[in-house]
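Throughout, a chain's letter reflects where its sequence line sits, starting with A, and its residues are numbered from 1.
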Amino acid sequence: MLVSKYLLKTLRESPTGAELPSHIFLLRGGYVKQLASGLYSILPLGKRILTKIEAVIRDEMEKVAGQEVDLPLVQPAELWMESGRYGAIGAELLRFKDRSEHHMVLAMTHEEAITDLARYMLSSYKQLPFMIWQFKLKFRDEPRARGGLVRVREFVMKDAYSFHRDDADLDSYYQRMYQAYENIFARAGIKPIVVKSDTGIMGGKIAHEFMLETGHGEDYLIIAQDGSYSANQEIAEFQRVHTKADHLPLEKVATPGKKTIEEVSALLAVKPEQTMKAVMYEVEQDKKRMLALVLIRGDLDVSDVKVRNYLKVPWLLPAQEDFIRSFGLVPGYASAVGLAERKDLLVLADFSVSEGNNLVGGANEEGFHLKHVNFRRDFNTPHCGDFAKAQAGYLSPDGKSTLRAVRGIEIGNIFKLGTKFSESMGCNYLDESGKHQTPTMGCYGIGIGRLMAAAIENSHDEFGPIWPKEITPFHVHLVNIGKEPEVLETCAKLMQEWESQGLEVLFDDRDERPGVKFKDADLWGIPVRIAVGKKGLVEGKAEWKLRKDKEFSLVPTAELAQKLAIFYGRS
RNA sequence: CGGGGCGUAGCUCAGUCUGGUAGAGCGCUUGCUUUGGGAGCAAGAAGUCGUAGGUUCGAAUCCUGUCGCCCCGACCA
């Protein structure tokens, strides 16, 4: 490919709003162009990388016996009503009507369509297990797109779905897929951190996220210092430290105008970990709007994902003041003391308060708190659990190590879905004894564009991306220095020679100064740059420079082909 | 959804406060000179100042609506 004929445009300056290295370089290098918020046009250079990534993934999917399909993006709403997700998912699911007034959606993932296909195809246990997968556009009306290709609204995903007779078979296939993911990311030059994650609206039981650790990531990961534990912060567990003490008598104290933990603990001269707060949410259960009180020690934060999962509700809203007051509670002075008879409230107690003692809590009266509040004696609830958000510095779940927090970008995930979709959508098969059985499912996703962005976050310098060999847009970046006939002839000859050995060559044949060409070469990040100039050619040599290195070496032009073959493992 | 910011040439921005009819750098076109890390000189093309309405003799500038984009938040009582 000749640069002079290629649809490429590099920018000297970063476009406004780009902050992540991947966002900046994708725009500056001419890989993508933004069309609207969260919507990007992929330009020829970017498309080559996506195609390479897809080739790697296709290779690994075939190794785990995947069968590639292509399912519709536009789907009837009825399908999503069958699975129950039409009502469970919020505005992220784009709904519209077609010309004949049918309710339709743009698929944000393809469990429904796959299950529909499977219930048509599947009839006998002899067909199981199988895995179906695709590269397919998804549309998610994200509340806020950000970070270039990291969080967009329209994107291509590799989504795979497996069907099994039982959990044991799913478990063993899940392990194979786990390995396939390790392979894919390794081939993209990435060493992911694998964490346990929330299963969210997908349902299911166990899920893992493959995360790239980066200072710019939008997810927070909790990792034990000794490596024994890793999880997404949303669901990360930790061991609470409790003080042991005899229960002291309940005591009412005046705390006028003191509502926050800081104010109350300062006034009463106690540490925040000796206080209890009531974090209140508005939830909907059985079509009724309820107020949920989550009681937790003052120094801890609530994980709303843990609360949501415990209550099995699709969403939580922080309760507004007038909503709280409509239940007769006082914001700033709320607790569960004296509310035992209230059936209209959901009271949840984090282990930090159910196992702690002598805490300072609200008196449910404007301007008053209670000292020495104790679980069971002063308040009670059957809903005790882990509702606290893990933070750096806390003890790991086994208590043997300390947790640390890092930021990361999710580049892939694998789920054990179970029978959520196969059951609700009537997908079944006959076993050996002729009985109807419901297959158990797994699903496995990788965002292609996000992986391209992650590869840059993972591998770049101040001048541009440094592409790994397997996903580089071209194998060789050839540059002529000067317009002398012998230089141009040599370049043409070399290009033809390398292409005939199957290498992809980008030849910067433009009439530009060397500095311009080298800057662009850095933005395009091709692993090998070969520069041909009159000076070197006198000795029959050209410059060999790796993108990751600063220095070049002079190599006889006759040896370049072999050197390239070795570099790309094709010798 | 809430809060903040920004929309002026392909890109980055100045001009807006204090109203007087459009600017710079980069990029693009042409010519000459240059040629190893984003060259120099000269000439040139390019913007209904996001959009609609209002105020005014006169609006990029003031007012109102509207659309778009970016950032923060979506939670600790």
Distance-only donor-acceptor pairs under 3.5 Å for side chains of residues 479-487 of chain A, two or more places apart:
from, atom 1, to, atom 2, distance (Å)
A:N480, OD1, A:K517, NZ, 2.7
A:N480, ND2, A:G482, O, 2.9
A:K483, NZ, A:D511, OD2, 3.4

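- Taking atom NZ on A:K389 and atom C1' on B:A74, their separation rounds to 11 Å, with Å as the unit.
- Checking A:I261 against A:A145, the closest nucleotide of RNA chain B that is more toward the 5' end is the one next to A:A145.
- Distance check on atom C1': B:G10 versus B:U35 gives 27 Å, rounded to whole Å.
- Annotation: B:C67 and B:G20 have their P atoms spaced 30 Å apart (nearest Å).
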Letter per nucleotide, 5' to 3', of nucleotides 25-38 of chain B [B base touched, S only sugar-phosphate touched, - untouched; heavy atoms, 4.0 Å]: BSS------BBBBB
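- Between the side chain of A:N364 and the backbone N or O of A:V337, at least one donor-acceptor pair lies under 3.5 Å.
- When rounded to the nearest whole Å, the span between NE2 of A:H23 and P of B:C71 equals 8 Å.
- Here A:I296 lies out of heavy-atom contact (under 4.0 Å) with every strand.
- Judged as a ring-ring contact (aromatic ring centres under 6.0 Å, His included), the pairs with a partner in residues 504-541 of chain A (not counting sequence neighbours) are, in order, A:H477-A:W524.
- A:E262 comes within 4.0 angstrom of sugar-phosphate atoms only, judged by non-hydrogen atoms across all strands, and of no base.
- Computed from coordinates, the A:L20 CG to B:C70 C1' distance equals 13 Å when rounded to whole Å.
- Residues that satisfy the side-chain contact (heavy atoms from CB on, under 4.5 Å) test with A:F463, not counting sequence neighbours, are A:D461, A:K519, A:D522, A:R547.
- Listed by first and then second residue, the ring-ring contact (aromatic ring centres under 6.0 Å, His included) pairs involving residues 326-365 of chain A are A:F323-A:F327, A:Y333-A:H369 (not counting sequence neighbours).
- Within the structure, side chain to side chain donor-acceptor pair (under 3.5 Å) contacts touching residues 526-543 of chain A (residues at least two apart or in different chains) do not occur.
- In this structure, B:C6 and B:G68 make a Watson-Crick or G-U wobble pair, each of the two defining distances being under 3.5 angstrom.
- Here B:U12 sits opposite B:A24 as a Watson-Crick or G-U wobble pair (both hydrogen-bonding atom distances under 3.5 Å).
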Protein-nucleotides 3-9 of chain B N/O pairs closer than 3.5 Å?
none

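- Protein atom CG of A:D304 is 9 Å distant from nucleotide atom P of B:A74, rounded to whole Å.
- In this structure, the CG atom of A:D301 is 11 Å from the P atom of B:A74, given to the nearest Å.
- Summarising the geometry, the separation between CD1 on A:I24 and C1' on B:C11 is reported as 14 Å, rounded to the nearest angstrom.
- The C1' atoms of B:A74 and B:G4 are separated by 15 Å, rounded to the nearest whole Å.
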Run the side-chain donor-acceptor check on residues 4-19 of chain A: report pairs under 3.5 Å with partners two or more places apart or on a different chain.
from, atom 1, to, atom 2, distance (Å)
A:S4, OG, A:D509, OD1, 3.1
A:S4, OG, A:D509, OD2, 2.6
A:T10, OG1, A:D520, OD1, 2.9

Residues 379-391 of chain A side chain polar contacts: donor-acceptor under 3.5 Å, at least two apart:
from, atom 1, to, atom 2, distance (Å)
A:T381, OG1, A:V347, O, 2.6
A:T381, OG1, A:H383, N, 3.0
A:H383, ND1, A:Y310, OH, 2.9
A:D386, OD1, A:R240, NH2, 2.6
A:D386, OD1, A:K306, NZ, 3.1
A:D386, OD1, A:A388, N, 3.4
A:D386, OD2, A:K306, NZ, 3.0
A:Q391, OE1, A:Q233, NE2, 3.3
A:Q391, NE2, A:D301, OD2, 3.4

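- Regarding contacts with the backbone of B:C70, every side-chain N or O of A:T16 stays at 4.0 angstrom or more from both OP1 and OP2.
- Taking the C1' atoms as reference points, B:G47 lies 14 Å from B:C13, given to the whole Å.
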Please write out each protein N/O paired with an N/O of nucleotides 42-47 of chain B under 3.5 Å, distance rounded to 0.1 Å.
none

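- Side-chain atoms of A:E234 and A:S303 include no donor-acceptor pair closer than 3.5 Å.
- Relative to the six-membered ring of A:F155, A:R450 misses at least one condition, a distance below 6.0 Å or an angle of at most 45° to the axis.
- In this structure, B:G73 and B:C1 make a Watson-Crick or G-U wobble pair, each of the two defining distances being under 3.5 angstrom.
- Across every strand in view, B:U55 sits unpaired, with no contact that passes the Watson-Crick or G-U test at under 3.5 angstrom.
- Taking CZ of A:R95 as the reference point, atom CG of A:L93 lies at 4.5 Å (rounded to 0.5 Å).
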Listed pairs under 3.5 Å, donor-acceptor, residues 264-274 of chain A side chains, sequence neighbours left out:
from, atom 1, to, atom 2, distance (Å)
A:S265, OG, A:I261, O, 2.6
A:S265, OG, A:E262, O, 3.3
A:Q274, OE1, A:K271, N, 3.2

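- Atom CD of A:E273 is separated from atom C1' of B:C76 by 16 Å (rounded to the nearest Å).
- Scored by the ring-ring contact (aromatic ring centres under 6.0 Å, His included) test, A:Y40 finds no partners at all (sequence neighbours excluded).
- As rounded to whole Å, 12 Å separates atom P of B:G68 from atom CG of A:L39.
- Comparing the P positions of B:C49 and B:C62 gives an interatomic distance of 15 Å, to the nearest angstrom.
- Ranked by how close their nearest RNA chain B nucleotide is to the 5' end, A:M280 and A:G147 are led by A:G147.
- The base-pairing partner of B:A39, taking Watson-Crick or G-U wobble contacts with both distances under 3.5 Å, is B:U33.
- Using atom P as the reference point in both B:G58 and B:U16, the two lie 22 Å apart (nearest Å).
- With both ends at atom P, the span from B:C41 to B:U8 equals 28 Å, rounded to whole Å.
- Here, B:G3 and B:U18 have their P atoms 26 Å apart, quoted to the whole Å.
- Between the side chain of A:R153 and the backbone N or O of A:L39 there is no donor-acceptor pair closer than 3.5 Å.
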